[in-house]
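Order of appearance sets the numbers: ligands from 1, and atoms from 1 within every ligand.
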Amino acid sequence: MQTAAELSLMLRSASNISAPRMQLYGDIPTQNRTVSVELVVGAGLAILFLYSAMKFFRPLVFFYRNLKRARAIGLPMKVMPFPPGSFSFFTFQILRRLEVLKPGTVLHQSLNMGRPDGYGYHKEMGDAFVTVSPAGLTLIVADPKVATHVNNKRAEFPKPPNTGVLINIYGRNVINTNGDAWRLHRRVTGQAFSERLHRDVWQEGINQARFMMESWLTSNDRNPDSLRVSEIERDALHLTLNVITGTAYGYPLRWNEDPQCASPTSLSYRAAMEQFTAHLMPIFLTPRWLLRLARKDSTRGRAWEAYTAFESYMRGMLDCQRARLGAAECTDENLLTALIRSEDQEDEKASKKMTAQEVMGNTFIFLFAGHETTANTLHYSLLLLAQRPDVQQRFLNEVDDIYEKAAQEGRCELDYDLDFSCAQWAFAIMSETLRLFTPTGITNKWTATDQPITFEGRTYVIPQGTRISISGTAVHQNPKVWGENAAEWEPSRWIIEDDDGGAQMLERGRPSAQMGSRLNGKSENDAYSGLSHAPFSVQQKQPPRPSSSAFAINFGTASANGLLIPAKGSFLAFSEGARGCIGKRMATVEFVAVMCTLLRHHRVEFEDDWSVERVKKVLSGRKAGSITLQPPEQIPLRFIRR
Ligand code: HEM
């Protein structure tokens, strides 16, 4: 038997023996485990704290960094919580849906959702200034020379990254690509914008204007002497959609006719486009699968309906052109045949084909970009002519002269080659409307690397990654560029004085027969070089209105038929440089043909209950949430036989 003392000794020795083993296998680690759990939790909390702090302070850090970069430039600077333009179409739509954004409220005004302020900001800040926000720097430009410099250096100032990802809805296209991809898209689509297309556009503009007037006749108890038009905006959109479809897409339509559709839809072509435009936000922002699942009678359901209907119409037109190409029926090239060919054959320069998606993307973007801007210009011009009977009279005289000349030459129809270049006032009215009611007031670029710019004689380095917003709206209302009356709609500014200094077109009213022949002798390029800046048509010897100190005019030139070619950078409605508007001439030809047809036998007036003041108020506003500039309210018009 062991005594208690022996037992106690044994236990103690056992514990002494086991001690080193337990050290080896984890007793001390148990203690450590507690420590390491604490460490892990502590580290986790620290990370969480650091992450939250970073999230919280990051904008401040960025803001501080951006502030330093902006100061280093040396241009005037404006600090903003958000970059300008953040409250664009989409933000506006979201806020409107939340019902916190009512027109006339302070919030509405402060988000600058009213009509763009024109030159307002620049009065305080100068013609080039930088805005700083945590998101980055934006250089805002109302100076023609800086605008031209930026617009003409495509590689140094490309479109900002992710430009137009939203307008990618049917596929990549010429508007939202850069570099080699853009070059391919522009080369392929650019072929279609030939003089042959412009000739077709002229004729189709006349046809569609007649169809439109016929549709007014049926809605006016067949009284051709007084046609009331309650929705001129809608009709103008319908007209321009039909013109582009009938010409660039090779599918001429009567007024209410639809093109071929690849799969059945209950929406007409025009209704599909209207519903599409009305549901841009859900279409742009919602994943397709979610749109597809939406209830038919919901907003998203309607968006999906418009999206699929429009896609079916585009596929139908592509199928039709493909069939014509296959049957060798198609000798004429148009935009769709050019796109189809680019999917089938490699582009020689790029050694690449376009994908089916890119073909769809371009099919969509040309319809979309090409019809709304031209429709807005027609719409605003008719409103402005009704507001200014004196200018309207000048134009009506011109219309009479052009038809008279055609009759003398044994023609009952106007002809693109013979008559387009005679429409001096039509051109002046269009340009002046685009100057003050610019459909897309801002074009955005970006600095790919640090870039020097020269402004008012000094050079500034704009750091890499700066957004550059060229504000056409501000340039067009800049008194240094367009004179003290820059904010007034005055089409006569586009018509150049005679060599003897008299404003002959204005004073004389009707252009004389002599004037008629002076215009007729010139080529169409001469007559419309005002939009193209084509150097071959310029008469350098005749600077217009030397008394004016305005840049556009003083440094501008005169076209051979007496139209102002503003100095570079001062007229930006179509932008400038390699990425300028591809459809500039098409829009001009269409405008002239339609206006000459609409006002051949009629003059346009407002209804009696529309006072000048009431009209002015509407014209100074902007339809909320629209992508291009549109008046906020419908103003009914009346076409009175003259
Ligand atoms: C009055 C009518 C029009 C106006 C005011 C206008 C205005 C503009 C402007 C300002 C740009 C430059 C946009 C930017 O850089 O962000 C542009 C580009 C473009 N426009 Fe127009 N446009 C008109 C008519 C048309 C028409 C009729 C078409 C075609 C049918 C068209 C097709 C395009 C295309 C494809 C581009 C992109 C060019 C490129 O990035 O290479 N536009 N337009």
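No option in L637, T433, L599 other than L599 meets the side chain to side chain contact (heavy atoms under 4.5 Å, CB included) test with L385. Of the listed residues (H185, R183, R187), just one forms a side chain to side chain donor-acceptor pair (under 3.5 Å) with D347, and that residue is R187.
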Exercise answer, ligand 1 polar atom pairs (N/O) under 3.5 angstrom:
{"from": "ligand 1", "atom 1": "15 (O)", "to": "K159", "atom 2": "NZ", "distance (Å)": "3.2"}
{"from": "ligand 1", "atom 1": "16 (O)", "to": "K159", "atom 2": "NZ", "distance (Å)": "3.4"}
{"from": "ligand 1", "atom 1": "40 (O)", "to": "R579", "atom 2": "NE", "distance (Å)": "3.1"}
{"from": "ligand 1", "atom 1": "40 (O)", "to": "R579", "atom 2": "NH2", "distance (Å)": "3.0"}
{"from": "ligand 1", "atom 1": "41 (O)", "to": "W182", "atom 2": "NE1", "distance (Å)": "2.8"}
{"from": "ligand 1", "atom 1": "41 (O)", "to": "R186", "atom 2": "NH1", "distance (Å)": "2.7"}

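A salt bridge links R322 to E343: one of the charged nitrogens lies within less than 4.0 Å of a carboxylate oxygen. Between D344 and K353, no side-chain nitrogen of the basic residue sits less than 4.0 Å from a carboxylate oxygen of the acidic one, so the salt-bridge criterion is not met.
Between Y416 and H198, the two ring planes are tilted [angle within 30° to 60°]. Aromatic ring pairs are classed by plane angle as parallel below 30°, tilted from 30° to 60° and perpendicular above 60°; the pair F364 and F276 is tilted.
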